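Let me begin by presenting the structure, written as structure tokens, before commenting on it.
For clarity, every value in this text was computed on a predicted model and none was experimentally measured. All ligand and atom numbering here is 1-based and tracks the order in the structure.
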Amino acid sequence: MNVLVTGGLGYIGSHTCVQLIEAGMNPILIDNLHNSKLAVLERIEKLVGTCPIFHQGDIRNKVFLFSVFAREKIDTVIHFAGLKAVGESVEKPLEYYDNNVNGTLVLMDTMRNAGITSIIISSSATVYGDSASVPIREDFPTFATNPYGRSKLMVEECLTDFQKANPGWSITLLRYFNPVGSHKSGEIGEDPQGVPNNLMPYISQVAVGRRKYLSVFGDDYPTPDGSGIRDYIHVVDLANGHLAALRKVSTMSGLHIYNLGTGDGTSVFEMVAAFSKASGKEIAYKVALRRLGDIAECWADPTKAYVELGWEATHSLDDMVMDTWRWQSNNPSGYPGN
Ligand code: NAD
Ligand code: UD1
């Protein structure tokens with residue numbers, strides 16, 4: 001199967017590409033290198049022995065996208081390309097709506113013109129806002145608290161309308177909880193540019209000596225140890241969730257929505273302790289004020305993905321921290337190059 005992967009050099013895209021090749025599929029990658037480096041391609045080749053086809057360009061560029069669809073034989077699409085930093089989205093809402101919403105619309109229009117009617121799209125647990133209860137099911141109300149979340153919700157709503165009008169299409173929305181970890185080889189991983197926004201890359205940069213200490217955003221939440229609880233999911237499990245969706249629903253017309261999470265919650269203090277154990281390094285931290293917009297706890301009910309896709313997360317928290325540490329300690333400054 002030939003799978004066009006937008007944002008294929010990014011964190012989740014690169015791991016999915018490896019899993020696709022190992023499963024005998026043929027990914028064709030697009031990326032504008034806004035948040036990734038060409039070195040990722042060499043690492044993928046090192047891992048799987050073959051370099052995937054790569055087209056450098058922007059999904060909002062209709063001429064570029066049309067030329068890729070004209071040149072390649074594409075059966076289906078997995079769409080990762082987009083911007084993902086909540087804080088930045090508050091400062092640059094237009095950029096987020098343009099990249100995430102407009103980018104998706106240009107992609108859909110190009111697919112329609114090329115006669116390709118099947119797509120899997122990255123969504124996020126952020127679309128549940130501050131859910132009234134946990135674990136969170138797919139039928140819970142959706143709500144956005146910031147421009148990033150709103151851009152994801154807008155994409156979901158646009159595609160829901162589109163699928164209603166075009167019932168022959170297969171559209172799959174995968175709502176990721178908190179992706180962490182890296183390929184067990186330590187060759188590919190998360191390489192945030194600048195100061196990391198998310199917990200796991202921040203902790204691993206403290207462990208490797210790039211940052212002095214972690215700020216724990218609040219120890220007064222109504223949780224057992226007072227820190228925020230999230231559903232961390234290993235990125236290889238997440239990648240395999242895409243393969244499960246490809247196999248099970250990408251040829252079935254309809255709108256398919258799945259949570260991809262483990263169903264377990266881990267607190268910030270628990271994550272610090274697990275990382276410290278895995279790395280053998282002390283993780284210095286200071287308790288700071290709560291981060292604006294943060295919620296106390298968020299974890300998935302992943303039953304639907306298990307029942308309908310036959311998918312479930314298999315990596316433990318220890319796997320997540322060990323694999324993150326292998327990647328970070330082998331690549332203290334991330335990928336080489338600009
Ligand atoms: P990432 O930034 O590592 O990967 C995204 C890739 O898309 C990057 O390589 C970037 O250069 C590329 N890109 C961005 N805009 C583009 C454009 N207009 N044209 C072509 N390429 C473009 O992010 P990621 O963590 O791999 O996330 C992938 C998707 O999953 C995103 O849509 C993100 O919103 C979503 N998501 C991520 C998380 C997470 O915590 N990582 C959680 C929930 C949802
Ligand atoms: C964040 C985004 C969410 C996005 C997700 C994945 C916000 C408000 N939400 O979710 O929209 O889908 O990333 O990209 O940004 N923490 C610290 N110190 C840190 C960093 C985080 O204590 O330096 C805590 C947070 O308060 C939270 C937990 O760690 O309790 C996880 O934070 P993070 O990794 O940023 O993920 P989310 O907040 O769940």
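For R150 and Y97, the positive end is not near the middle of the six-membered ring at less than 6.0 Å and at most 45° from its axis.
At a 4.0 Å heavy-atom cut-off, ligand 2 does not touch T145 at all. The part of L214 lying near ligand 2 is the side chain, judged by heavy-atom distances below 4.0 Å. Of the heavy atoms in L33, only backbone atoms (N, CA, C, O) come closer than 4.0 Å to ligand 1. Of all the heavy atoms of N198, the ones lying under 4.0 Å from any atom of ligand 2 are found in both the backbone and the side chain. Proximity of A125 to ligand 1, defined as any heavy-atom pair under 4.0 Å, is not found for any part of the residue. Residue-level proximity to ligand 2 for L199 is carried by backbone and side chain together, each with a heavy atom below 4.0 angstrom.
The ligand atoms of ligand 1 that sit less than 4.0 angstrom from a heavy atom of H34 are 11 (O). In the vicinity of D294, heavy-atom distances shorter than 4.0 Å reach the ligand 2 atoms 8 (C), 25 (C), 26 (O), 38 (O). The contact set between ligand 1 and A81, taken as ligand atoms under 4.0 Å from a residue heavy atom, comprises 7 (O), 13 (N), 16 (C), 21 (N), 22 (C). Proximity to N178 (heavy-atom distance under 4.0 Å) selects the following atoms of ligand 2: 36 (O), 37 (P), 39 (O). With ligand atoms numbered from 1 in the order given, ligand 2 contributes 12 (O) to contacts under 4.0 Å with heavy atoms of S124. Each of the atoms 20 (C), 35 (O) of ligand 2 lies under 4.0 Å from some heavy atom of N197. When each atom of ligand 2 is checked for a heavy atom of V216 under 4.0 Å away, the hits are 22 (O).
For atom 12 (C) of ligand 1, the closest heavy atom belonging to the protein is D31 OD1, 3.3 Å. Atom 31 (C) of ligand 1 has F80 O, 3.2 Å as its closest protein atom, hydrogens excluded (heavy atom only). If you check which protein heavy atom lies closest to atom 22 (C) of ligand 1, you get N32 OD1, 3.1 Å. Protein heavy atom closest to atom 25 (O) of ligand 1, with residue, atom name and distance, is K84 NZ, 2.8 Å. In this structure, atom 35 (C) of ligand 1 lies nearest to the protein heavy atom S122 CB, 3.8 Å. The shortest contact between atom 4 (O) of ligand 1 and any protein heavy atom is with G10 CA, 3.4 Å. Scanning the protein for heavy atoms near atom 15 (N) of ligand 1, the closest one is N99 OD1, 3.3 Å. Closest to atom 4 (C) of ligand 2, if we only count protein heavy atoms, is Y148 CE2, 4.2 Å. Atom 32 (O) of ligand 2 has its closest protein heavy atom at R291 NH2, 3.5 Å. V86 CG2, 3.6 Å is the protein heavy atom nearest to atom 7 (C) of ligand 2. For atom 27 (O) of ligand 1, the nearest protein heavy atom (residue, atom name, distance) is I12 CD1, 3.7 Å.
Just one of N259, T262, V134 meets the side chain to side chain contact (heavy atoms under 4.5 Å, CB included) condition when paired with D231; it is T262. Checked against L29 for a side chain to side chain contact (heavy atoms under 4.5 Å, CB included), the options V5, V40, I53 give a single hit: V5. For the side-chain hydrogen bond (donor to acceptor under 3.5 Å, both in side chains) criterion with S151, the lone passing option out of D98, T104, T126, N100 is N100. Tested against Y285 for a ring pair (Phe, Tyr, Trp, His ring centres under 6.0 Å), the candidates Y213, F275, F269 yield a single pass: F269.
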Query raised in the report: How far apart are the C-alpha atoms of V101 and Y96, what are their side-chain angles, what is the distance that settles it, and do they pass the side chain to side chain contact (heavy atoms under 4.5 Å, CB included) test?
Result: CA-CA 8 Å; V101 183; Y96 271 68; over 6 Å; no
Requested in this report: Check step by step if side chain to side chain contact (heavy atoms under 4.5 Å, CB included) holds for I12 and L238.
Outcome: CA-CA 8 Å; I12 305 171; L238 192 70; 3.7 Å; yes
Report task. Apply the test salt bridge (Lys or Arg N to Asp or Glu O under 4.0 Å) to residues D319 and K184: give CA-CA distance (whole Å), side-chain angles for both, the deciding distance (0.1 Å), then the verdict. Result -> CA-CA 9 Å; D319 297 330; K184 62 180 181 318; over 6 Å; no
**Report entry** From CA spacing to verdict: side chain to side chain contact (heavy atoms under 4.5 Å, CB included), I78, T16
**Finding:** CA-CA 9 Å; I78 304 181; T16 304; 4.2 Å; yes
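For Y176 and H242, the gap between ring centers is short of 6.0 Å. Taking the six-membered ring wherever Trp is involved, the centroid distance between the rings of W311 and Y306 does not fall below 6.0 Å. Y232 has its ring centre no less than 6.0 Å from the ring centre of W299.
Evaluated by nearest non-hydrogen atom to atom 30 (O) of ligand 1, the leading choice among Y148, Y176, Y11 is Y176. Of all the listed residues (F217, Y202, Y11, Y285), F217 holds the heavy atom that lies closest to atom 20 (C) of ligand 2. Between the choices V287, T223, V272, V268, the shortest heavy-atom distance to atom 29 (O) of ligand 2 belongs to V268. For the residues E95, H79, K152, Q56, the heavy atom positioned nearest atom 32 (O) of ligand 1 is part of K152. Here the shortest heavy-atom distance to atom 1 (P) of ligand 1, taken over I59, I78, N35, L9, belongs to N35. Atom 14 (C) of ligand 1 has its nearest heavy-atom neighbour, among G82, G7, P179, P192, in G82.
For the pair G57 and ligand 1, a heavy-atom separation below 4.0 Å is found. The shortest heavy-atom distance from S215 to ligand 2 is under 4.0 Å. For Y232, the heavy-atom gap to ligand 2 drops under 4.0 angstrom. Taking a 4.0 Å cut-off on heavy atoms, S123 registers as neighbouring ligand 1.
K304 has no carboxylate O lying under 4.0 Å from a charged side-chain N of E138, or vice versa, which leaves the two without a salt bridge. Taking the charged nitrogens against the carboxylate oxygens, E156 and R175 do have a contact shorter than 4.0 Å, which makes a salt bridge. Under the 4.0 Å criterion applied to side-chain N and carboxylate O atoms, K212 and E282 are not assigned as salt-bridge partners.
Residue-to-ligand polar distances place D58 within reach of ligand 1: an N/O pair is separated by less than 3.5 Å. For ligand 2, the polar-atom distance check finds an N/O of R230 within less than 3.5 Å of one of the ligand's N/O atoms.
The CE atom of M271 sits 5.0 Å away from the CG atom of L317 when rounded to the nearest 0.5 Å.
For the residue pair E72/H55, the side-chain donor-acceptor check at 3.5 Å is satisfied. Using modelled atom types, one finds no donor on one side chain facing an acceptor on the other under 3.5 Å when comparing S170 with S118.
Ring pair W327/Y335 is tilted by interplanar angle, where 30° to 60° counts as tilted. Using cut-offs of 30° and 60° for the angle between ring planes, the H15 and Y11 rings count as perpendicular.
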